[in-house]
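The sequence lines fix the lettering, A, B, ..., with proteins before strands; numbering per chain opens at 1.
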Amino acid sequence: MTPDTLFQYVPTPATLVKKEKLSDFVTLFTFQPDSGRALMHKPGQFIMLSMYGVGEAPFSVSSPPNASGSTFELAVRRIGNVTNAMHAMKVGQKVGIRGPYGTSFPVQDFVGKDTIFVAGGLGYIPLRSLLHYQLRHRDEFGRIIVMIGCRNPSERIFIDQIKELEARDDVEVYETVDCGDESWCGNVGLITSLLPHVEIDPDITHVAMVGPPVMYKFVIKQCQARGISRENIYVSLERHMKCGIGKCGHCQINGLNACVEGPVFKYHDIQTHPEAI
Amino acid sequence: MTSYTVYMDQLPGLLELWAKEFQVHVPVEVEEGIYDFVPWRKDEEIAWEYDVAYNTLKRFFLPPRETLLRFDPAACTAEVVCEAPKQLLFGVHPYDVKAANQLDTLMRKDVPDNNFIARKKNTVIFALEPAAVARNAFWASVDAHKVDNGYDLYWTRISSASFHVEVATRRGKELLLAGGPLDLATDADKEATRRAHQRIVKESLRNGLKYPWRETADILSRAWDSTLWQHRARHCFSCGTCNLVCPTCYCFDMKEELDNSLTKGERYREWDGCMMDSFSRVAGDHNFRPHTRERFRHRYYRKGKYIFDKIGQLGCVGCGRCVSGCTSGIADPKAVFNELWEADRHDS
Ligand SMILES: Cc1cc2nc3c(=O)[nH]c(=O)nc-3n(C[C@H](O)[C@H](O)[C@H](O)COP(=O)(O)OP(=O)(O)OC[C@H]3O[C@@H](n4cnc5c(N)ncnc54)[C@H](O)[C@@H]3O)c2cc1C
Ligand code: SF4
Ligand code: SF4
Ligand code: FES
């Protein structure tokens with residue numbers, strides 16, 4: 001039996017080894033599990049992170065599987081108790097982690113296919129795991145098309161990494177902000193303004209999409225209008241989560257538990273669930 | 001299955017023996033007409049004819065507040081807490097046994113919840129054939145008048161001075177015979193048991209679903225846009241009482257607490273309820289069920305469809321506690337389901 005099945009709610013320690021500011025509110029944290037063992041997560045999965053004395057909260061693993069040794073990365077937005085406490089951490093401090101939990105983007109299904117990544121706001125964080133996995137195994141995949149939308153330029157994250165992506169000739173990057181400012185000379189408009197600019201072959205195109213709740217409906221409609229099958233559209237849905245193992249009931253989308261049957265869903269499987277999209 | 005006849009005057013001795021090993025809980029009348037399970041004490045008058053226990057028995061497996069781990073915030077270490085007192089619940093009605101079984105199935109599903117499982121395992125359950133049906137109960141119409149597992153002994157009062165006791169587990173048999181041999185039940189006693197069961201089931205059926213309970217999920221699959229939800233939930237206070245009193249509701253929140261020195265703390269879970277406004281709110285202040293009608297609907301879908309789709313059972317055992325507990329008078333599964341059934345019949 002793995003420790004998980006024995007002590008389902010007991011975290012194991014991990015140490016903060018690096019902290020990097022991504023925007024005014026978002027920081028990238030690199031953790032090393034004290035066990036020395038890698039998380040063995042798949043792209044799209046999440047962990048439960050404990051700041052003892054403050055609380056526990058779910059976070060997507062942003063690094064690709066087993067990127068560098070056994071460390072892993074989380075990109076976290078400061079918004080409440082746990083996330084504020086994380087931002088106050090110093091390198092060398094410890095947290096508790098349990099997981100990884102939930103479903104993942106089925107990487108094998110993307111092999112040989114073109115992938116459109118649709119990242120609204122913080123949605124880039126979980127998608128980054130799949131994206132970097134594909135970049136690491138670049139030959140196995142077709143076109144990589146990355147669409148990123150933020151409310152305004154100050155909310156952009158991973159700016160340098162995105163610049164590097166733009167410089168590559170094997171990745172197509174499209175970025176937009178809802179409202180521009182004087183520093184911004186790129187696209188202005190909702191994320192749905194990006195897809196019309198791109199030529200796609202719907203038969204071999206997969207979509208991986210993560211963003212704020214309002215985004216999904218519109219982007220999915222657009223993808224379907226371009227001929228992409230609902231079998232090939234993947235979304236990751238965020239819900240309130242307390243246990244991560246299908247018990248506490250907080251994450252329910254109709255009869256589904258987003259922590260076990262999600263957070264990554266094939267659109268085909270949830271389109272009849274009115275609470276999903 | 002072996003069964004025995006136990007006489008009223010044999011009980012005090014047996015209870016004393018059981019109480020040496022277990023925390024024994026029995027139903028008593030706590031206020032006029034209100035019954036609840038309390039720790040057994042000598043000379044406690046057991047309410048054999050109780051209609052429904054005011055508080056649900058899920059608290060014995062899923063306490064309102066349960067510590068899951070103790071931690072040291074400085075060292076960042078945590079250790080598991082898994083308390084499972086040896087307890088004996090004497091006098092549990094079949095619908096409550098059924099509810100406990102359902103929780104057990106769900107808590108074992110996917111990743112097992114070991115805290116729940118440990119408590120459940122250490123709990124001896126002596127079921128009792130109901131002798132009265134609570135005003136708001138409708139358990140027979142949702143198939144909760146009988147259970148075939150999840151109890152150790154099944155007691156039926158067959159006369160003012162005697163019980164028929166059917167053995168279901170070895171543990172039950174050992175406890176029953178702990179004070180010495182008992183009379184095997186006679187055919188007449190068995191017949192009296194059967195009649196007692198028939199009588200009470202008939203009484204329970206007077207009030208209930210008007211259609212076979214299995215059709216509920218199907219009816220709900222067409223009821224998403226019914227006006228009933230808005231109609232009823234208009235009066236909902238989002239108080240969560242219907243969640244708290246329900247023996248099959250098990251949603252919880254996770255919280256933690258540091259001691260005064262800030263060097264030790266514990267993480268615990270606490271009952272939560274999907275009828276409360278904060279239940280499905282996430283970061284960015286987005287709420288997935290912002291209105292009472294959505295939360296109200298969710299609760300009945302969970303009872304009638306979601307649980308059924310998962311494990312083939314209705315998520316409601318018809319105890320009627322929510323009906324009695326709702327100050328607005330809107331929480332009533334049989335009324336909700338019957339109304340939807342009527343509308344559905346009308347439509348098709
Ligand atoms: C699968 C999943 C993956 C996530 N990945 C990331 C990520 O990669 N980066 C990131 O910054 N955030 C992520 N989140 C959101 C993150 O979990 C919340 O921001 C975090 O729980 C807020 O905790 P807090 O204690 O700081 O806020 P609180 O002080 O608890 O409250 C702030 C707000 O967060 C909401 N909230 C509280 N607890 C939860 C919870 N358990 N789940 C969701 N919302 C909650 C509250 O309702 C409130 O509106 C993810 C959430 C889920 C469900
Ligand atoms: S008990 Fe009644 S008023 Fe309270 S949450 Fe339930 S339905 Fe609403
Ligand atoms: S929904 Fe109401 S009647 Fe049904 S089991 Fe729960 S409390 Fe009892
Ligand atoms: S987070 Fe508890 S059931 Fe999904």
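- Note that CZ of B:F288 is 7.5 Å distant from CD1 of A:I253, once rounded to the nearest 0.5 Å.
- Using the six-membered ring where Trp is involved, B:F279 and A:H250 have ring planes that are parallel, under 30° apart on the 30 and 60° scheme.
- Note that NZ of A:K242 and SG of B:C251 are 13.0 Å apart. Values are rounded to the nearest 0.5 Å.
- Interface summary for chain A: among B:K264, B:E257, B:K310, the most heavy-atom pairs under 4.5 angstrom belong to B:K310.
- Using a 4.5 Å cut-off between heavy atoms, B:A74 does not touch chain A at all.
- The heavy-atom pair separating A:Q252 from B:R289 by the smallest distance is O-NH2, 2.8 Å.
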Subject >> Test side chain to side chain donor-acceptor pair (under 3.5 Å) applied to B:D72 and A:Y52, step by step >> reply: CA-CA 7 Å; B:D72 176 338; A:Y52 291 114; over 6 Å; no
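- With a 4.5 Å cut-off on non-hydrogen atoms, A:V54 touches chain B through its backbone but not through its side chain.
- A donor-acceptor pair under 3.5 Å links the side-chain atoms of A:H240 to the main chain of B:R281, judged by distance alone.
- For a residue to count as touching a neighbouring chain, one of its non-hydrogen atoms must lie under 4.5 Å from one of that chain's; by this rule B:R297 does not touch chain A.
- Annotation for A:K42: atom NZ does not count as buried by contact number, only 12 or fewer foreign heavy atoms lying within 6.0 Å.
- Distance alone, capped at 3.5 Å, places no donor-acceptor pair between the A:Q8 side chain and the B:V111 backbone.
- By number of non-hydrogen pairs under 4.5 angstrom with chain B, the leading residue of A:G55, A:G80, A:P13 is A:G55.
- B:H231 NE2: 12 or fewer foreign heavy atoms inside a 6.0 Å radius.
- No part of B:T263 comes within reach of chain A, as not one of its non-hydrogen atoms sits under 4.5 angstrom from that chain.
- Comparing B:I307, B:D272, B:D309, B:D110 by heavy-atom pairs within less than 4.5 Å of chain A, the highest count is held by B:D272.
- Surrounding CZ of A:R151 are at most 12 heavy atoms belonging to other residues, nucleotides or ligands under 6.0 Å away.
- We find the NE2-CD distance between B:H286 and A:E238 to be 10.0 Å, quoted to the nearest 0.5 Å.
- Only the side chain of B:L69 comes within less than 4.5 Å of a heavy atom in chain A; its backbone stays farther off.
- A:K247 places a side-chain N or O within 3.5 Å of a backbone atom of B:K109 that can act as its donor or acceptor partner.
- Only the backbone of A:M51 comes within less than 4.5 Å of a heavy atom of chain B; no side-chain atom from C-beta onward does.
- One finds the OH atom of B:Y301 at 10.0 Å from the CD atom of A:E275 (value rounded to the nearest 0.5 Å).
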**OP:** With side-chain contact (heavy atoms from CB on, under 4.5 Å) as the test, would you mind laying out the steps for B:W224 and A:N254 before giving the verdict?
**Re:** CA-CA 11 Å; B:W224 187 257; A:N254 296 108; 3.2 Å; yes
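- Here A:S50 is the residue among A:A57, A:S50, A:G246 with the most heavy-atom pairs under 4.5 Å with chain B.
- In this structure, CZ on B:F252 lies 5.0 Å from SG on A:C243, to the nearest 0.5 angstrom.
- Remark: the A:Y9 side chain and the B:N115 side chain contain no N/O donor-acceptor pair separated by less than 3.5 Å.
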